[in-house]
Amino acid sequence: MKVASKPASVSQSLTPHDVARIRANFPILGERPHGKPLVFLDSAASSQKPVQVIEAMDDYYRRYHANIHRGIYHISELATEAYEEARSKVARFIGSPCAAECIFVRNATEGLNLVAYAWGRQHVGRGDVILLTEMEHHSNLVPWQILAQEREATLRFVPITKDGQLDLRSLDRLLAGAKIFAFTAVSNTLGTINPVTELAARAKSAGAVSVVDACQAVPRMPVDVTQWQCDFMAFSSHKMLGPTGIGVLWGRKELLDSMPPFLTGGGMINVVEYERSTYADVPARFEAGTPAIAEAVGLGAAVDYLQGIGMERVHNYEHELAQIALDKLGALSNVTIYGPGIEHRTGVISLTVGDIHAHDLASILDRLGICVRAGHHCNQPLMEKLGVPATTRASFYIYNTPEEIDLLVRGIEEAKRIFKIA
Amino acid sequence: MKVASKPASVSQSLTPHDVARIRANFPILGERPHGKPLVFLDSAASSQKPVQVIEAMDDYYRRYHANIHRGIYHISELATEAYEEARSKVARFIGSPCAAECIFVRNATEGLNLVAYAWGRQHVGRGDVILLTEMEHHSNLVPWQILAQEREATLRFVPITKDGQLDLRSLDRLLAGAKIFAFTAVSNTLGTINPVTELAARAKSAGAVSVVDACQAVPRMPVDVTQWQCDFMAFSSHKMLGPTGIGVLWGRKELLDSMPPFLTGGGMINVVEYERSTYADVPARFEAGTPAIAEAVGLGAAVDYLQGIGMERVHNYEHELAQIALDKLGALSNVTIYGPGIEHRTGVISLTVGDIHAHDLASILDRLGICVRAGHHCNQPLMEKLGVPATTRASFYIYNTPEEIDLLVRGIEEAKRIFKIA
Amino acid sequence: MQDDFSGMEELYRDFILDHYRNPRNAGTLEGADATYEDNNPLCGDRIRMDLKLRDGVIEDIKFKGRGCAISQASASLLTEVVKGKTVAEAARIGKEDVLENLGIQISAARLKCALLGLKVLKEALSLAAPDL
Amino acid sequence: MQDDFSGMEELYRDFILDHYRNPRNAGTLEGADATYEDNNPLCGDRIRMDLKLRDGVIEDIKFKGRGCAISQASASLLTEVVKGKTVAEAARIGKEDVLENLGIQISAARLKCALLGLKVLKEALSLAAPDL
Ligand SMILES: Cc1ncc(COP(=O)(O)O)c(C=O)c1O
Ligand SMILES: Cc1ncc(COP(=O)(O)O)c(C=O)c1O
């Protein structure tokens with residue numbers, strides 16, 4: 001790490017000492033798969049959890065679990081408060097002026113579907129355009145395909161450049177007639193950081209609502225919806241130190257207020273008669289049934305943890321790791337790295353090694369205790385575009401170290417030896 | 001408890017000793033709200049969790065959390081196995097011949113919506129009938145209202161008798177033209193146990209699919225879909241000792257196989273191109289995005305725990321508690337109990353006390369550490385039918401004791417004193 | 001066991017029970033200038049208020065409702081307080097005033113009950129005097 | 001560090017790498033009696049097989065695919081095994097046979113890779129000889 005020589009950035013990033021302290025909070029880092037220390041380089045798929053998050057949920061179940069909202073007794077009041085407090089924490093974390101703008105869903109995927117169903121079905125008609133990009137995760141692609149099929153709408157795609165950035169030269173033409181522009185803030189395959197503020201502004205000028213897939217952004221960088229000026233944004237708890245089973249759809253209040261319910265049942269109603277019902281205000285309107293209460297508590301603890309570090313520092317540290325990784329991996333023969341240069345990307349790095357298939361590489365690394373993802377990363381069409389069947393992806397987070405990058409480099413060298421590649 | 005005088009039933013129920021051992025597994029029972037021992041009589045809303053469940057999830061996060069399915073490394077394989085093993089446990093628990101018939105959803109509410117969207121939108125058209133009952137929870141009512149509105153279909157309701165049972169005399173007439181018959185196995189307000197096997201068979205004869213809301217049944221009695229011969233069944237983990245954030249939709253394989261996807265995105269696809277996609281087989285087809293992995297592990301542990309006791313014994317013990325409660329509460333002046341006699345019901349008891357509103361009663365009981373639910377129990381139209389704005393509901397589970405019923409009785413007496421009711 | 005309930009006897013004081021059982025200004029108004037009804041969806045409490053104004057003064061007010069002692073007594077008390085007041089005066093009544101009138105400690109879960117009447121009154125006022 | 005990989009060198013033995021890099025019976029067949037293609041959606045491995053039968057015997061077989069060394073080598077090996085066999089013989093080939101031919105230990109996560117070729121072969125056979 002070049003920290004020592006860059007004093008200005010020290011306070012803005014994590015020191016080895018900080019990282020050591022962080023690592024001590026993650027019990028799983030003590031595991032030894034195949035007898036090797038765990039080197040977890042798959043946080044883009046799902047991050048690990050600090051004890052603070054695990055214990056917050058544990059504590060919830062041991063001390064104050066009860067169904068929320070309709071309970072008058074003490075522990076139900078505590079549970080209700082904790083659930084709503086988690087919503088407020090999330091809202092503050094993403095710069096939302098109003099907690100009611102944060103809907104708890106299962107994961108980002110459900111959040112994106114919610115928009116496609118509840119907003120999309122209301123506004124998208126025959127011949128309308130839905131604009132996406134060529135780097136979307138299946139979760140920000142398939143829901144729009146289905147909407148387009150149902151409504152005979154047209155899908156368009158912002159193309160990507162050779163180095164994996166959005167090619168915005170024809171954006172205005174593509175946006176013409178668009179009702180929706182859905183795009184990712186950060187590519188989960190290429191690591192590309194997209195210019196969200198610009199994209200949202202241009203969507204608005206064209207009369208389209210902007211839907212931001214912030215799955216890879218919220219865990220890794222300061223995100224502020226007020227600054228981004230987008231309309232909807234979805235992300236998952238499990239990628240940002242929080243539990244599985246919960247995610248967030250954020251939406252501008254006026255838009256959410258105008259939308260019909262999607263999933264219906266207990267908790268989202270106002271008056272129910274046998275034949276018809278009226279519905280509660282947001283956010284309750286979009287949270288049918290007993291919600292993921294313990295998970296909200298866990299997500300709140302994850303937000304606290306990240307805020308305790310500071311998202312600027314999280315982002316800068318990951319950037320440093322990305323720089324080191326690009327330098328070291330880029331120096332290896334027969335290694336191809338996809339995506340843009342360091343100034344446009346975050347710590348998600350996809351690569352291929354000679355003719356070694358990604359699965360074979362991942363299997364070999366696994367034996368060294370190194371966890372990477374191999375495959376299409378829910379980006380099948382992008383893989384076609386890149387002309388590879390699959391890539392191996394290493395992704396870094398606050399608990400990773402430069403030493404782990406060295407282990408990755410050695411692992412790749414070993415794979416080359418086994419596959420008899422120079 | 002009359003256990004001592006009924007030796008035959010001892011082995012079929014729980015002894016005070018068994019219950020004491022069970023109670024020791026539930027950390028929350030050591031809480032002292034308002035300085036009083038916790039008397040938790042709201043398990044119908046959400047049950048408490050044994051350490052076995054809490055620790056299974058804890059262990060998951062501490063030792064082998066990773067995203068599932070696409071991971072080649074060791075901990076991802078462990079997570080994938082644990083997730084699928086949970087599915088198998090659930091399938092065996094409900095007598096399903098095939099694990100793929102169990103779809104993990106967030107809660108029963110989402111499961112019922114899934115049927116309404118994916119099966120309903122495909123099969124229900126103008127003038128078709130959707131048959132429900134007058135005792136359905138909002139979650140098994142509102143999704144069908146919306147479907148009926150969209151498709152100009154007709155809702156019908158099986159009426160209830162004075163004592164809160166289904167009045168089946170006109171069932172054949174009501175079923176004429178029905179595409180769907182959705183009904184609860186056990187009423188969450190009245191405690192009524194419905195004759196599921198008969199209802200499902202009569203739905204089948206009439207050409208309707210049967211959709212069973214088993215939220216209150218699966219936690220409390222042996223449930224076997226092969227014996228019930230129903231088509232779909234939904235239930236929630238959080239009511240059966242498991243975590244929040246997960247539930248199950250069970251469906252007959254042929255039906256699930258024939259259904260289009262509902263939520264779409266990562267994990268539920270086969271081949272994705274920019275313009276179109278093909279979808280995975282069930283159950284993956286209905287599980288879009290990163291699922292509730294830790295929650296599945298927790299649910300699996302809950303199933304193990306319940307099976308360790310045996311569902312016959314769970315059911316019988318609850319029946320005993322219900323009997324005791326009906327006897328003691330029924331003997332109080334100015335107390336009205338809703339629902340059928342002991343032979344048709346389970347340990348969910350709704351009551352009113354003089355002109356004391358349910359919320360006031362619940363507030364008073366809360367000060368004694370007694371947790372009961374007050375309100376409409378997501379059964380607003382049923383409340384209208386019963387002619388009360390709200391009831392107070394006490395519900396019993398394996399960790400409750402006859403002594404806690406005595407405390408409830410004393411609490412009600414105190415409320416009457418405060419409200420100056422004889 | 002009695003001492004367990006100090007908080008409860010405090011909450012359900014005689015005058016609360018009296019307002020609950022004998023609500024003041026109960027009923028509806030023929031030819032009201034404004035009528036508003038709302039409910040608390042989570043618990044089902046419901047309150048409707050009818051207002052008659054003359055020269056900016058609340059000449060008459062009636063309410064109808066169902067729900068817990070807290071919500072009904074609170075609404076009943078409120079009608080007593082605002083009757084004869086100007087619309088402007090009534091519009092200035094806040095949460096704190098309502099809680100002070102009730103004179104009891106309300107837990108978070110019951111706050112909505114205590115304030116439902118006030119919410120309905122405010123809406124009715126803004127219907128009756130939209131320019132306010 | 002070499003000893004870390006005993007399992008890996010075992011898995012990626014020379015003949016596996018050889019089949020991966022020089023797949024036998026690679027390509028497609030003009031006028032095939034049956035063609036089947038499948039993929040493993042979770043990882044993207046893809047295999048297509050073309051069969052030509054004569055008198056119940058697999059006269060020719062070709063495969064085309066992409067994916068990991070395990071899936072491609074396994075498919076390549078399989079084509080060698082079944083070529084010249086009767087349809088009935090080929091239909092009897094099971095998972096165990098495939099794994100035995102590979103002669104290596106496969107972890108749970110990679111099992112689908114190793115068996116994709118077999119799955120495609122079975123489907124192609126049932127297309128070519130539906131009565132079997
Ligand atoms: C009979 C019944 N159906 C459906 C539900 C809804 O369950 P959930 O809120 O877990 O989706 C409940 C519980 O509230 C219930 O008791
Ligand atoms: C960019 C992006 N979008 C969407 C998703 C879907 O997230 P989830 O599976 O949590 O719904 C992911 C993660 O897999 C992602 O990286």
Side-chain angles (χ1 to χ4, degrees), chain A residues 27-28 31 33-34 45-46 48-49 54 58 61-63 65-67 70 72-75 106-107 109-110 113 137-139 142-143 145-146 155 157 236 238 243-246 263-266 269 272-277 288-290 292-295 359 362-363 366 371 374-375 378 380-381, chain B residues 27-28 31 33-34 45-46 48-49 54 58 61-63 65-67 70 72-75 106-107 109-110 113 137-139 142-143 145-146 155 157 236 238 243-246 263-266 269 272-277 288-290 292-295 359 362-363 366 371 374-375 378 380-381:
Chain A
I28 205 170
E31 287 298 300
H34 307 296
S46 196
Q48 296 303 338
K49 321 301 171 199
I54 301 171
D58 209 279
Y61 283 127
R62 286 171 189 267
R63 294 204 306 108
H65 167 67
N67 215 326
R70 291 168 292 266
I72 283 173
Y73 50 87
H74 185 61
I75 57 174
R106 178 175 37 248
N107 49 29
T109 301
E110 187 190 347
N113 276 272
H137 187 281
H138 294 165
S139 293
V142 186
Q145 290 180 341
I146 302 224
L155 291 180
F157 296 87
S236 285
H238 69 92
T244 56
I246 194 165
L263 300 177
T264 62
I269 54 83
V272 178
E273 299 167 41
Y274 282 125
E275 300 290 341
R276 69 194 62 78
S277 303
T290 303
I293 311 169
E295 291 75 8
H359 293 170
S363 277
D366 173 44
C371 309
C378 294
Q380 282 185 12
Chain B
I28 205 170
E31 287 297 301
H34 307 296
S46 195
Q48 297 302 339
K49 323 300 173 200
I54 300 171
D58 209 279
Y61 283 127
R62 285 171 191 269
R63 293 205 305 107
H65 167 68
N67 215 327
R70 292 169 291 266
I72 284 174
Y73 51 87
H74 184 62
I75 56 175
R106 178 175 38 247
N107 49 29
T109 302
E110 188 190 346
N113 277 272
H137 187 280
H138 295 165
S139 293
V142 186
Q145 290 179 341
I146 302 224
L155 291 180
F157 296 88
S236 285
H238 69 91
T244 56
I246 193 164
L263 301 177
T264 61
I269 53 83
V272 178
E273 299 168 42
Y274 282 124
E275 300 291 341
R276 69 195 62 78
S277 303
T290 303
I293 312 170
E295 291 75 9
H359 292 172
S363 276
D366 173 45
C371 309
C378 294
Q380 281 185 15

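Values below: every heavy atom of this structure, side chains too, minus hydrogens, waters and symmetry copies. Numbered from 1 within each chain, the chains take letters A, B, ... in sequence-line order.
- To the nearest 0.5 Å, the span separating CG on B/Asp58 from NZ on A/Lys49 amounts to 13.5 Å.
- With contacts defined as side-chain heavy-atom distances shorter than 4.5 Å, the pair A/Ile54/B/His65 does not qualify.
- Contact count versus chain A (heavy atoms, under 4.5 Å) is highest, among B/Pro381, B/Ala362, B/Ser46, for B/Pro381.
- For a residue to count as touching a neighbouring chain, one of its non-hydrogen atoms must lie under 4.5 Å from one of that chain's; by this rule B/Ile146 touches chain A with the side chain only.
- Closest heavy-atom contact between A/Gly266 and B/Cys378: CA-SG, 3.9 Å.
- Residues B/Ser277 and A/Val142 share a closest heavy-atom pair of OG-CG2, 3.8 Å.
- Checked against side-chain hydrogen bond (donor to acceptor under 3.5 Å, both in side chains), A/Thr290 has the following partners two or more places apart in sequence or in another chain: A/Asn67, B/His238.
- A donor-acceptor pair is defined here as one N or O able to donate and one able to accept, closer than 3.5 Å; such a pair exists between the side chain of B/Thr244 and the backbone of A/Ala294.
- Taken to the nearest 0.5 Å, the CD atom of A/Gln145 stands 7.5 Å off from the CD atom of B/Glu275.
- When side chains are defined from C-beta on, B/Glu31 does not count as touching A/His74, because their heavy atoms never get closer than 4.5 Å.
- Between chain A and the options B/Pro33, B/Ala66, B/Ala288, the largest number of non-hydrogen pairs under 4.5 Å is found for B/Ala288.
- Both the backbone and the side chain of A/Leu263 come within contact range of chain B, each with at least one heavy atom under 4.5 Å from a heavy atom of that chain.
- Of the atoms belonging to B/Phe157, it is side-chain heavy atoms, and not backbone ones, that fall under 4.5 Å from chain A.
- Closest approach of A/Ile72 and B/Ala374 over heavy atoms only: CD1-CB, 4.1 Å.
- A donor-acceptor contact shorter than 3.5 Å links the side chain of B/Asn113 to the backbone of A/Thr264.
- Legend: residues meeting ring pair (Phe, Tyr, Trp, His ring centres under 6.0 Å) with A/His137, ordered by chain and number and at least two apart, are absent.
- The part of A/Ile75 that comes within reach of chain B is its side chain, from C-beta onward, which places non-hydrogen atoms under 4.5 angstrom from that chain.
- Interface remark: B/Ser236 contributes no atoms to any contact with chain A (heavy atom separation under 4.5 Å).
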